[in-house]
Amino acid sequence: MSDPQPAHFPQRIFSGIQPSGGLTLGNYLGAIKRFVAAQEAGVETIYCLVDLHAITVWQDPAKLRHATRELAAGYLAAGIDPARSILFNQSQVPAHAELAWIFNCVARMGWLRRMTQFKDKAGKNAEEASVGLFAYPNLMAADILVYHATHVPVGEDQKQHLELARDIAIKFNHDYGVDFFPVVEPVIEGAATRGMSLRDGTKKMSKSDPSDQSRINLTDDADAIAAKIRKARTDPEPLPESVAGLDGRAEARNLVNIYAALADIAPDDVIAQYGGQGFGAFKPALAELAVEKLSPLNAEMRRLMQDPAEIDRLLGTGAVRAREIAQPILERTLEIMGMIRSV
Ligand code: TYM
């Protein structure tokens, strides 16, 4: 956590995950596991299920409801404690969408046109994409800034969006002559900030990949996890004797990084242990580790999903606490901008 903020912005962590399909090992290692570590470090932590972001592409209502509860179960099973972290779904805190509108008026078209994720998601059919998909990063900036959050742990793929959030904070502060929004710090740390597909080491592991073999889902059972690792694409060479030897070997690097992140060790330590050995030895070791770490999580998610009413209750309590922080910051923003606040 570099670059301390000015004193009037105490350290506060915010991050979010879309409930748009199941959670992957990429989400777990790149995000949730690190969210838990931040909570354990005693920092103030606010974690969101960004359902308003999910609807920037079509969501079947029943599936969205299920995915939101399953994501909440994933957060909880991984160790997010709703007594110590604020855990809630975005649509229950209207201040996010209100501040996003304001940021629609701060951010420039050109800034959003540069967003590579929009280009990737909209593909050749940008004219058919929802306006929400285009304005998505403004809502993301609002998520963070409506809490005056200072640090945002994310995977590598969110870096450009966080740079936009910084630009929005700087422009707002400059336009209104205030020092009101913190310039957020992305926190992109650890061995698996960019977990790659098990079928193609040049593509990100993603819940939207059409091939289920490309990813490990947090709902996969032990057999499925082991089978996917066994079938993961690799090259015929043994693991190198140093991390530098992973250059140009995307699939090998990915499996080493996954091992390191699961075991909470550095990739160097993995190489020190397995360098010179072939995948015939390394893959079973990785499968065993993955099953050992993920099976309890999987079992706990299934247990929690048996009581959806309790999950909804927890999200509601989290939303009340979130609103208490967000609403005054939104009110002050509107005041700064010259809006009359008479109620
Ligand atoms: P989303 O839902 O796509 O992913 C949630 C988090 O998981 C990380 N992640 C990965 N990390 C490593 N390897 C991977 N293969 C991998 N796939 C996903 C993402 O980087 C992210 O940290 N726009 C965000 C959600 C969001 C948000 C926010 C995040 C909305 N508002 C405010 C932070 C702050 C997204 O779509 O993440």
Side-chain angles (χ1 to χ4, degrees), residues 12-36 38 45-57 59 64 67-68 70-71 74-75 78 88-91 93 96-97 99-100 103 115-118 120-121 132-133 135-147 149-166 168-169 184-209 214-218 250 253-254 257-258 260-262 322 326:
R12 178 179 277 162
I13 287 181
F14 179 94
S15 200
I17 301 181
Q18 294 193 62
S20 52
L23 278 167
T24 69
L25 182 64
N27 297 132
Y28 176 62
L29 296 177
I32 299 190
K33 195 167 187 274
R34 297 170 48 229
F35 298 175
V36 176
T45 42
I46 306 177
Y47 298 125
C48 189
L49 297 82
V50 291
D51 47 10
L52 296 174
H53 276 106
I55 59 160
T56 55
V57 296
Q59 299 293 331
L64 177 62
T68 305
E70 194 172 77
L71 173 56
Y75 270 113
F88 70 103
N89 60 312
Q90 192 184 29
S91 62
V93 183
H96 290 238
L99 188 61
F103 289 169
M115 294 294 114
T116 55
Q117 202 159 82
F118 174 76
D120 291 348
K121 284 200 181 172
L133 190 67
Y136 176 118
N138 295 343
L139 177 58
M140 183 162 159
D143 295 339
I144 300 162
L145 295 174
V146 84
Y147 298 97
T150 55
H151 293 82
V152 184
V154 283
E156 185 73 45
D157 60 340
Q158 296 301 316
K159 192 168 177 214
Q160 197 186 28
H161 289 157
L162 291 183
E163 278 159 13
L164 190 99
R166 291 168 63 93
I168 288 176
V184 295
E185 280 298 323
V187 186
I188 303 173
E189 283 169 358
T193 53
R194 190 167 175 79
M196 308 308 277
S197 157
L198 299 178
R199 307 302 305 160
D200 176 352
T202 63
K203 270 170 55 186
K204 189 183 76 163
M205 184 185 287
S206 160
K207 47 196 156 197
S208 56
D209 192 312
S214 70
R215 63 180 162 265
I216 292 173
N217 306 299
L218 291 197
R253 181 190 296 281
N254 188 38
N257 284 346
I258 290 175
L262 280 169

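Just so you know, ligand 1 is whichever comes first in the structure, and atom 1 is the first atom listed for that ligand.
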Q. Under 30°, 30 to 60°, or over 60°: which ring-plane class applies to Tyr136 and His161, parallel, tilted or perpendicular?
A. tilted

(Q) Looking only at the aromatic ring of each residue, does the gap between the centers of Phe103 and His96 stay below 6.0 angstrom? (A) no

Q) Are more than 12 heavy atoms from other residues, nucleotides or ligands located less than 6.0 Å from atom NZ of Lys207? A) yes

(Q) What does the 4.0 Å heavy-atom contact list look like for ligand 1? (A) Phe14, Ser15, Gly16, Ile17, Gln18, Gly26, Asn27, Gly30, Ala31, Val50, His53, Tyr136, Met140, Asp143, Ile144, Val152, Val154, Gly155, Asp157, Gln158, Ala192, Thr193, Arg194, Gly195, Lys204, Met205, Lys207

Q: Say whether, by atom type as modelled, one donor and one acceptor occur between the side chain of Ser15 and the main chain of Val152 under 3.5 angstrom.
A: no

Q) Looking at Asp209 and Arg215, does any basic side-chain N land under 4.0 Å from a carboxylate oxygen? A) no

**Q.** Residues in salt bridge (Lys or Arg N to Asp or Glu O under 4.0 Å) contact with Arg199, at least two apart in sequence or another chain
**A.** none

